[in-house]
Number of protein chains: 4
Amino acid sequence: MKTKDRILDIARSMISEIGYHGTTTAALAKRAGISEGTIYRHFENKEAILLQILQELDDKYSEFLQTLRSARDGDHGTIERILHGHVRFASDNLADLKIVLSSYALLSPSKQSMTSVIERMHEFFTECMTRSMNMGVIREVDVDPTAKTLVALLLGVMQLKVYWPDMDSDFDPEAVQFVRRSLVPNL
Amino acid sequence: MKTKDRILDIARSMISEIGYHGTTTAALAKRAGISEGTIYRHFENKEAILLQILQELDDKYSEFLQTLRSARDGDHGTIERILHGHVRFASDNLADLKIVLSSYALLSPSKQSMTSVIERMHEFFTECMTRSMNMGVIREVDVDPTAKTLVALLLGVMQLKVYWPDMDSDFDPEAVQFVRRSLVPNL
Amino acid sequence: MKTKDRILDIARSMISEIGYHGTTTAALAKRAGISEGTIYRHFENKEAILLQILQELDDKYSEFLQTLRSARDGDHGTIERILHGHVRFASDNLADLKIVLSSYALLSPSKQSMTSVIERMHEFFTECMTRSMNMGVIREVDVDPTAKTLVALLLGVMQLKVYWPDMDSDFDPEAVQFVRRSLVPNL
Amino acid sequence: MKTKDRILDIARSMISEIGYHGTTTAALAKRAGISEGTIYRHFENKEAILLQILQELDDKYSEFLQTLRSARDGDHGTIERILHGHVRFASDNLADLKIVLSSYALLSPSKQSMTSVIERMHEFFTECMTRSMNMGVIREVDVDPTAKTLVALLLGVMQLKVYWPDMDSDFDPEAVQFVRRSLVPNL
DNA sequence: TATGAATGAGAATTCATTCAT
DNA sequence: TATGAATGAATTCTCATTCAT
């Protein structure tokens with residue numbers, strides 16, 4: 001693996017475990033088996049490492065939404081697919097999510113990144129729900145605040161996944177059922 | 001106000017705004033109008049300040065649950081009351097929640113505190129839902145994972161409240177409706 | 001002596017000997033018998049130390065000019081007094097001058113400080129020469145460029161004093177004579 | 001141009017603009033369009049680059065003195081020629097002079113180089129003035145200190161040229177006149 | 001000759017904590 | 001209780017120099 005990628009990899013796991021401030025360049029270099037100066041050949045400063053991690057997550061989410069969009073067909077399965085997809089996306093990117101969730105209050109790049117994800121998520125949900133409502137596969141609800149509710153639910157699910165990892169097992173399918181019961185008529 | 005309380009107060013607002021690491025003892029002392037040494041008359045170290053803030057939040061939540069418990073009567077209104085109550089509790093303690101949410105990944109006392117709140121919340125929801133189910137006012141659902149789903153939803157709502165304050169207005173009632181539709185039969 | 005003054009004192013001698021960049025905060029602290037952190041209780045950063053030294057030199061020069069102005073009487077002695085005064089001022093503030101001369105190309109505060117001194121010196125010479133010419137005690141010369149010549153001469157004298165200290169002894173009086181011969185008629 | 005010369009050229013302009021310490025090998029390599037390692041193919045270390053620049057200035061000055069010496073004829077024009085020549089030499093080698101003037105307090109090679117130039121200048125002036133005095137074209141003065149005064153004047157003129165470039169225009173001829181008035185009898 | 005990634009010693013600066021008054 | 005000067009370990013970042021290719 002290229003040195004730059006090794007730095008990113010180690011940084012990802014360290015920041016997700018002990019936070020941005022707890023991750024010192026000295027410790028990062030040591031764990032990556034390189035000298036401290038080498039970090040600065042690959043990144044302008046420590047924040048740039050965080051930035052790149054966040055950017056990559058942003059890109060991965062964009063790509064994920066792209067996939068969902070292209071697969072969406074409006075039939076009964078859509079909502080499940082969207083929710084399951086998001087829950088899965090969260091599982092696949094736990095470390096990155098941990099980083100965003102734990103740092104976005106403190107570091108402006110993190111905040112921007114998180115806000116961008118949230119807004120795109122909200123927009124996507126609004127879009128899907130409008131479609132589904134027009135097709136009659138979900139109840140008539142106030143789209144915007146309901147989309148926000150879904151965003152909140154998914155944010156919370158991620159939080160629990162990240163910080164209470166023991167409860168994973170039986171939780172996701174029920175969350176999806178919970179949403180289905182609320183949105184799909186005649187269940 | 002006693003010096004100790006002033007320190008706590010300033011610390012609360014500073015930590016919630018700029019985080020635990022961003023809050024230096026020097027700045028804290030300056031804003032509190034005391035000398036740096038004085039902080040250490042009242043707290044063993046910086047972490048002890050955070051600890052006390054978290055403990056107070058913990059206590060406030062215990063008290064809040066107590067109130068909910070004593071008011072609970074199992075009739076149709078219960079779920080709304082619980083949810084509204086929690087949403088309100090979040091609004092009333094925004095600064096503290098911001099502190100927990102932004103620091104619990106990084107500092108073990110914060111993590112413990114958060115875990116304790118989550119567990120009690122989960123336990124409380126389980127309790128309430130079991131009761132309500134026995135009384136027939138909510139559908140038959142798998143209690144444990146559904147309680148987790150509710151915890152997740154509330155966690156997410158808090159997050160949005162804390163970090164996306166613009167969306168507050170129309171959001172809470174719809175979230176409650178969302179849950180009601182999912183849980184209350186024949187709506 | 002107060003800690004701040006001790007820092008300034010040691011800094012003055014170190015910077016004049018080994019330059020601004022050569023003077024590390026670590027060495028400065030060691031020689032001042034304090035810890036490195038203490039420096040930053042008294043100065044915002046390293047440059048602030050240099051700034052203060054320069055400011056003090058600036059003030060001393062202002063005061064010096066004030067003295068010269070109040071003592072000036074326009075008789076034959078004036079030119080000698082001004083030149084001798086400046087030469088003496090240079091001797092009395094060798095360390096500071098060494099600092100300005102060696103750093104003013106590189107550090108903007110130093111440059112500003114030096115420019116300010118040069119401009120005031122030039123202005124003062126212009127003033128004195130105009131007076132003296134009106135009184136007929138010096139020849140009719142083009143005042144402005146001649147004042148610049150005097151500034152240059154004094155700058156050069158300082159340089160030699162600073163960097164070729166062995167030649168001091170017999171040099172100053174002759175420099176004054178040199179100027180007298182050029183400016184005073186019928187010598 | 002050979003790589004080595006390119007390095008020297010870029011180094012000259014960079015050091016004269018931002019100083020020796022400000023000129024990093026990384027920036028130097030970048031501006032020269034070569035890799036950092038290449039610098040060390042041509043120079044043992046960073047100081048060696050400075051050394052060579054100084055040596056070249058030294059050589060240029062030797063050559064310049066040679067020219068002056070061979071052109072000297074002792075008649076009335078000599079003093080003007082020497083002074084004008086030096087002023088011109090300064091103008092022609094501004095960047096190098098800036099380097100010496102700004103670094104000779106800090107780096108021993110620079111100091112040596114400067115001392116050598118000053119001493120040769122002093123020696124040359126002594127020589128010329130002795131000759132001229134014997135021929136009766138200048139007044140009877142104490143040669144050694146007067147030569148030092150001339151050195152000082154020229155040093156100062158260079159300083160002003162280098163650091164107060166706006167005043168150039170009308171200054172040089174007057175400086176020469178200033179010296180003539182002081183040294184040439186019956187003016 | 002040339003490269004450029006890697007080095008590591010050292011620089012400035014920060015900050016929680018201590019302690020004599 | 002309160003002060004505030006002093007501490008010193010830790011942190012981020014720089015940069016001349018090396019060396020395998």
Side-chain angles (χ1 to χ4, degrees), chain A residues 2-4 6-7 20-30 32-50, chain B residues 2-4 6-7 20-30 32-50, chain C residues 2-4 6-7 20-30 32-50, chain D residues 2-4 6-7 20-30 32-50:
Chain A
K2 281 281 171 60
T3 301
K4 184 166 186 174
R6 177 124 104 269
I7 294 172
Y20 177 74
H21 282 109
T23 303
T24 67
T25 51
L28 173 55
K30 199 171 182 182
I34 56 172
S35 88
E36 221 173 331
T38 301
I39 293 174
Y40 292 88
R41 294 214 120 249
H42 296 281
F43 298 93
E44 208 177 336
N45 50 35
K46 192 182 155 188
E47 200 177 294
I49 303 176
L50 178 66
Chain B
K2 281 286 174 60
T3 301
K4 184 166 186 174
R6 177 122 104 266
I7 294 172
Y20 177 75
H21 280 107
T23 302
T24 67
T25 51
L28 174 55
K30 197 172 183 182
I34 57 172
S35 89
E36 229 174 323
T38 302
I39 293 174
Y40 291 85
R41 293 268 141 213
H42 297 280
F43 298 93
E44 207 180 337
N45 50 34
K46 193 183 159 188
E47 201 177 291
I49 303 176
L50 178 65
Chain C
K2 283 282 171 60
T3 301
K4 183 167 186 173
R6 177 123 104 269
I7 295 172
Y20 176 75
H21 283 108
T23 302
T24 67
T25 51
L28 173 55
K30 199 171 183 183
I34 56 173
S35 88
E36 222 173 328
T38 301
I39 293 174
Y40 291 87
R41 294 214 121 250
H42 296 280
F43 298 93
E44 209 177 334
N45 49 38
K46 194 183 155 188
E47 198 177 297
I49 303 176
L50 177 67
Chain D
K2 282 285 173 62
T3 301
K4 184 166 186 176
R6 176 121 106 267
I7 295 172
Y20 177 74
H21 280 106
T23 302
T24 66
T25 51
L28 174 54
K30 197 172 182 182
I34 56 172
S35 89
E36 229 173 324
T38 302
I39 293 174
Y40 291 85
R41 292 269 141 213
H42 296 280
F43 298 93
E44 205 180 338
N45 50 34
K46 193 183 159 189
E47 202 179 289
I49 302 176
L50 177 66

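Keep in mind that this is a model prediction, so the values were computed, not measured. Proteins get letters first, then strands, A, B, ... in listed order; numbering begins at 1 in each.
Residue D:T3 places no side-chain N or O under 4.0 Å from the OP1 or OP2 atom of E:dT1. Phosphate proximity of F:dT11 to A:T25: absent, as no side-chain N or O sits under 4.0 Å from OP1 or OP2.
Between the C1' atom of F:dT1 and the CZ atom of B:R6 lies a distance of 14 Å, rounded to the nearest Å. Following rounding to the nearest Å, C:I34 (CD1) and F:dA9 (C1') show an atom-to-atom distance of 17 Å. At whole-Å resolution of the value, CD1 in D:I7 and P in E:dT1 are 11 Å apart. Rounded to an integer number of Å, the gap from D:L28 CG to E:dA2 P is 14 Å. We find that CD1 of A:I49 is positioned 14 Å from C1' of F:dT11, with the value rounded to whole Å. For the pair C:E44 CD and E:dA12 P, the interatomic distance rounds to 16 Å; values are reported in whole Å. Between the NE2 atom of A:H21 and the C1' atom of F:dA10 there is a distance of 14 Å, rounded to whole Å.
Checking side-chain atoms of C:K4 against main-chain N and O of C:F43 turns up no donor-acceptor pair under 3.5 Å. Within the 3.5 Å criterion, the main-chain N or O of D:E47 finds a donor-acceptor partner in the side chain of D:Y20. For the pair A:K30 (side chain) and A:T25 (backbone), a donor-acceptor distance under 3.5 Å is absent.
When each of F:dC13, F:dA2, E:dA12 is scored by its nearest atom to the side-chain atoms of A:E36, the top-ranked nucleotide is F:dC13. Of the candidate nucleotides E:dT13, E:dA5, F:dT1, E:dT13 has the atom lying nearest to any side-chain atom of C:N45. Closest to the side chain of A:R41, out of E:dA6, E:dA2, E:dT17, is E:dA6. Of the listed nucleotides (F:dT3, E:dC15, E:dA2), E:dC15 has the atom at the smallest distance from the side chain of B:T24.
Of all heavy-atom pairs between B:L28 and B:I7, the closest is CD1-O, 4.0 Å.
Salt-bridge formation is not detected for the pair A:R41/A:E36: no Lys NZ or Arg NE/NH1/NH2 atom is positioned less than 4.0 Å from an Asp or Glu carboxylate oxygen.
Heavy atoms of C:T38 sit under 4.0 angstrom from at least one base atom. At the heavy-atom level, B:I39 lies nowhere under 4.0 Å from the strands shown.
A residue-by-residue look at D:G22 and B:G37 shows that B:G37 has its nearest nucleotide of DNA chain F further toward the 5' end. Along DNA chain E, the nucleotide nearest to A:H42 and the one nearest to C:K46 differ in position, and the one closer to the 5' end is contacted by A:H42. Map C:S35 and D:Y40 each onto its nearest nucleotide of DNA chain F; the residue landing nearer the 5' end is C:S35.
Pairing for F:dT21 goes to E:dA2, judged as Watson-Crick or G-U wobble with the two contacts each under 3.5 Å.
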